[in-house]
Number of protein chains: 2
Amino acid sequence: MTYTSALHALQDPTRRAIIDRLRRRPLSVGELAGDLPVSQPAVSQHLGVLRDAGLVTSRREGRRRIYALRAEGLLPLRAYVDAMWADALAAYAASFGADGNQGGRG
Amino acid sequence: MTYTSALHALQDPTRRAIIDRLRRRPLSVGELAGDLPVSQPAVSQHLGVLRDAGLVTSRREGRRRIYALRAEGLLPLRAYVDAMWADALAAYAASFGADGNQGGRG
DNA sequence: CCCATCTATAAGTTATGACTTATACATCGG
DNA sequence: CCGATGTATAAGTCATAACTTATAGATGGG
């Protein structure tokens, strides 16, 4: 839901592997588990983290549960990175000509 | 240097606290440590992680070492998030009218 | 209802990493 | 050179979280 939970969720390699597979199309838990080197419960646990972070949604389909990427969930992280980018550039520019004369541009 | 190291670096709350302070202006290790609830060695360790991830740069200034944000270091993460965003939207759109008729919009 | 299939949760193990204190390394002043 | 200041590294402790197996919960078919 926030950028911190997104960072936490995306930091794990297994969760990124799940995300990478969902980037093509929605998949069931079993399909994901069959294609990853971890057990099905591990996949379910990771999906729970991704869901709490707002990065995936799920729907029932008979006995299966289909998970899909949720684009909206990326917006907080994107906003954080963009703001940090802007501040980094501003701080860099300000370091020339603030209280201390740090030297010329370049 | 890559988006994975950026994700790893930004996942930690203390490292984000460091980043947040550097968003205003470059700071020395001592200035950072004095404003954070962890020891100076902990700050140095975190700065090493941030440096390895390409998110900060440093320069000597007498006996002190000044750390500053490095905007370029955010580009890989930004590209990853953007690509994921695009794929998420595409996968969502494709889920209407692919092999299975998944139902209407909503 | 009963069984098979699919997913989520429980409980326990283990590797990782964030922290500490102690100390080495580097720079400046006397 | 010697001490003070500032930072990085070393070594060890401890909490977290990613994994396992076992099992509970939910759905569909005979």
Side-chain angles (χ1 to χ4, degrees), chain A residues 1-2 4-22 25-70 100 102, chain B residues 1-22 25-70 100 102-103:
Chain A
M1 205 97 153
T2 65
T4 59
S5 52
L7 284 169
H8 170 248
L10 292 176
Q11 184 270 338
D12 181 79
T14 302
R15 283 194 287 268
R16 285 199 302 270
I18 290 174
I19 290 282
D20 285 345
R21 278 152 184 79
L22 295 182
R25 61 188 181 85
L27 293 168
S28 71
V29 177
E31 287 171 320
L32 286 166
D35 195 32
L36 290 169
V38 296
S39 64
Q40 173 267 314
V43 172
S44 279
Q45 289 161 12
H46 284 305
L47 287 168
V49 173
L50 291 169
R51 176 181 252 262
D52 289 346
L55 296 176
V56 300
T57 54
S58 69
R59 63 175 192 276
R60 281 214 88 89
E61 193 165 290
R63 275 167 294 192
R64 304 192 309 161
R65 181 166 285 273
I66 308 297
Y67 281 83
L69 277 192
R70 181 172 173 273
Q102 310 262 354
Chain B
M1 205 98 155
T2 65
Y3 73 92
T4 59
S5 51
L7 285 169
H8 170 247
L10 294 176
Q11 184 270 338
D12 181 79
T14 301
R15 283 195 288 268
R16 284 198 302 271
I18 291 174
I19 289 282
D20 285 345
R21 280 153 183 77
L22 296 182
R25 61 188 181 88
L27 293 168
S28 72
V29 177
E31 287 170 321
L32 286 166
D35 194 33
L36 290 170
V38 295
S39 65
Q40 174 269 312
V43 172
S44 279
Q45 289 162 13
H46 284 306
L47 287 168
V49 173
L50 291 169
R51 176 181 251 263
D52 290 345
L55 295 176
V56 301
T57 55
S58 70
R59 65 175 192 274
R60 282 214 87 89
E61 193 164 289
R63 276 168 292 192
R64 304 192 309 161
R65 182 166 284 274
I66 308 297
Y67 282 82
L69 276 192
R70 180 171 173 273
Q102 311 264 353

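Convention: sequence-line order gives letters A, B, ...; per-chain numbering from 1.
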Nearest whole Å is fine: how far is [N] [atom2] from [X] [atom1]?
| X | N | atom1 | atom2 | answer |
| --- | --- | --- | --- | --- |
| B:L36 | C:dA18 | CG | P | 15 Å |
| B:R16 | C:dA18 | CZ | P | 11 Å |
| B:E31 | D:dT5 | CD | P | 17 Å |
| B:I18 | D:dA8 | CD1 | C1' | 14 Å |
| B:L50 | D:dA8 | CG | P | 12 Å |
| A:L27 | C:dC6 | CG | P | 15 Å |
| B:Q40 | C:dC25 | CD | P | 16 Å |

- Item | Along DNA chain C (nearest heavy atom to each residue), the more 5'-positioned of A:L47 and A:Q11 | A:L47
- For the residue pair A:A53 and A:S5, what are the closest heavy atoms and their distance? CB-O, 3.6 Å
So does [X] get a side-chain nitrogen or oxygen closer than 4.0 Å to the phosphate oxygens (OP1/OP2) of [N]?
| X | N | value |
| --- | --- | --- |
| A:R15 | D:dA18 | yes |
| A:S28 | C:dT7 | yes |
| A:S39 | D:dT20 | yes |

- Message: So that I can compare with my own list, what are the stems of DNA chain C, taken as at least three consecutive Watson-Crick or G-U pairs with distances under 3.5 Å?
- Response: C:1-30 with D:1-30
- How far apart are the C-alpha atoms of B:S58 and B:R65, what are their side-chain angles, what is the distance that settles it, and do they pass the side chain to side chain donor-acceptor pair (under 3.5 Å) test? CA-CA 6 Å; B:S58 70; B:R65 182 166 284 274; 2.8 Å; yes
- Task: May I ask you to list the residues of residues 62-69 of chain A, by number, that have any heavy atom positioned under 4.0 Å from an atom of DNA chain C?
- Result: A:R63, A:R64, A:R65, A:Y67
- Along DNA chain D (nearest heavy atom to each residue), the more 5'-positioned of A:V49 and B:R60: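 Looking at DNA chain D, the more 5' nearest nucleotide goes with B:R60.
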- Task: Please tell me which of A:D12 and A:P41 maps to the more 5' nucleotide of DNA chain D, matching each residue to the nucleotide holding its nearest heavy atom.
- Result: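 Result of the comparison: A:D12.
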- Task: Between C:dT27, D:dA11, C:dA11, spot the one nearest the side chain of A:Q45, thanks.
- Result: C:dA11
